[in-house]
Each structure stands twice: as C-alpha cells, then as structure tokens.
Amino acid sequence: MSSPRERLAGQQAELLRALLAGGDAPAGFDADRLRIEANVLRNKQSRLAAYLRPDLAEALGDRFAALFREYATAHPKTDAIRARAYADAFGTWLVERGEVPKPKGRLARWLRRLVL
C-alpha cells in the first residue's frame with residue numbers, strides 16, 4: 001500500500017500530464033476547465049519561447065504557435081529545464097524536422113551547445 005505522500009505525488013503527476021502533455025483529466029477535475037487552463041499555459045510558454053527565440057517566431061510566422069503546441073505536447077517542460085534551454089530545444093526540434101534551416105553564424109552556437 002502506498003503512503004499518503006506517494007498517492008499525492010501520483011495525483012499531482014496525473015494533473016501535470018493533463019495540463020502539459022494532453023493527458024486525461026484526473027478524477028474530480030472538470031475536463032473542460034483543465035483544457036482551458038492547459039491552453040493558457042501553452043500560450044504562455046509559446047509567448048515566452050517567441051520572446052527568447054524571435055528568430056524562430058519570425059522564420060515560422062503564423063506556423064509558430066501550432067508547431068510550438070505540437071512540440072510542447074510531445075515534450076512537456078519540466079522544472080529541470082530552464083526557459084531558454086527549452087526554447088533552444090524547440091529550435092533544435094524544428095531544425096531536425098526541416099521546419100527551419102540549420103542556423104549559421106552566432107545562432108549556430110545554441111545548436112552546437114545542445115547537440116554536443
């Protein structure tokens with residue numbers, strides 16, 4: 001049998017999956033309200049990523065939000081990764097998918113730093 005602390009940790013993980021990774025709403029939570037909150041969180045992350053990586057936002061234009069949503073759902077941000085590193089990881093993901101060209105010059109440093 002698990003301790004109350006372990007049960008709480010499991011419930012919190014389930015809630016985070018629902019909010020950040022498109023998981024099902026945990027028991028006792030309104031699925032529609034969680035979906036709204038998840039959209040708010042993703043939009044906030046998207047704005048921050050666009051602020052930190054304006055080169056990506058400019059290169060992608062109207063596609064930025066949809067691609068960021070796809071990335072964020074498949075790669076939920078954790079407290080182990082800082083916002084700039086998360087935005088750079090999104091950039092790497094875009095390069096790997098061929099959505100943006102491989103950066104040259106000073107922008108190439110973030111890619112080398114992530115790959116090495």
Side-chain angles (χ1 to χ4, degrees):
M1 183 172 244
S2 61
S3 72
R5 181 173 281 174
E6 291 170 330
R7 285 193 300 277
L8 178 60
Q11 291 168 334
Q12 288 173 331
E14 191 176 355
L15 178 59
L16 286 174
R17 274 191 300 279
L19 288 171
L20 302 176
D24 293 330
F29 285 88
D30 182 302
D32 290 331
R33 287 183 184 212
L34 279 182
R35 197 169 16 267
I36 291 167
E37 186 61 31
N39 285 334
V40 168
L41 289 172
R42 274 197 207 95
N43 288 339
K44 181 180 176 183
Q45 286 180 324
S46 177
R47 286 191 309 273
L48 182 56
Y51 173 78
L52 293 170
R53 294 299 310 273
D55 58 311
L56 298 177
E58 184 179 329
L60 294 170
D62 293 339
R63 298 179 325 134
F64 182 88
L67 286 167
F68 184 83
R69 176 179 292 274
E70 183 180 344
Y71 174 78
T73 299
H75 305 90
K77 185 180 177 312
T78 66
D79 62 351
I81 187 170
R82 312 255 324 160
R84 182 168 303 281
Y86 192 64
D88 287 346
F90 172 55
T92 301
W93 180 80
L94 291 168
V95 169
E96 290 170 352
R97 288 175 44 123
E99 300 289 348
V100 295
K102 189 173 182 177
K104 294 178 173 76
R106 74 174 183 83
L107 285 178
R109 280 183 285 183
W110 67 262
L111 185 59
R112 281 195 307 272
R113 190 174 61 240
L114 289 172
V115 172
L116 296 177

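Numbers for residues simply follow the sequence, beginning at 1. All heavy atoms count here, side chains included; hydrogens, waters and symmetry mates do not.
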Mark yes when over 12 heavy atoms from residues, nucleotides or ligands other than [X] sit less than 6.0 Å from its [atom1]; otherwise mark no.
| X | atom1 | answer |
| --- | --- | --- |
| D24 | CG | no |
| R63 | CZ | yes |
| E70 | CD | yes |

Measuring from atom [atom1] of [X] to atom [atom2] of [Y], what distance do you get when rounded to the nearest 0.5 angstrom?
| X | Y | atom1 | atom2 | answer |
| --- | --- | --- | --- | --- |
| E96 | K102 | CD | NZ | 10.5 Å |
| L52 | R82 | CG | CZ | 11.0 Å |
| F90 | L60 | CZ | CG | 6.0 Å |
| F68 | L48 | CZ | CG | 8.0 Å |

Heavy-atom pair with the smallest gap, counting every atom of [X] and [Y]:
| X | Y | answer |
| --- | --- | --- |
| V100 | A59 | CG1-CB, 4.1 Å |
| S46 | A65 | OG-CA, 4.2 Å |
| A18 | P26 | CB-CD, 4.0 Å |
| R53 | A87 | CG-CB, 3.7 Å |
| H75 | Y86 | O-OH, 2.6 Å |

Do [X] and [Y] sit in one hydrophobic cluster, given that two such residues count as connected whenever their side-chain heavy atoms are within less than 4.5 Å of each other, even indirectly?
| X | Y | result |
| --- | --- | --- |
| V95 | I81 | yes |
| L41 | I36 | no |
| L20 | V40 | no |

Centroid separation F64 to Y71 less than 6.0 Å:
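Ring centres of Y71 and F64 not closer than 6.0 Å.
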If only atom types and distance count, is the side chain of T73 paired as donor or acceptor with the main-chain N or O of R69 below 3.5 Å?
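Yes: the side chain of T73 pairs with the backbone of R69.
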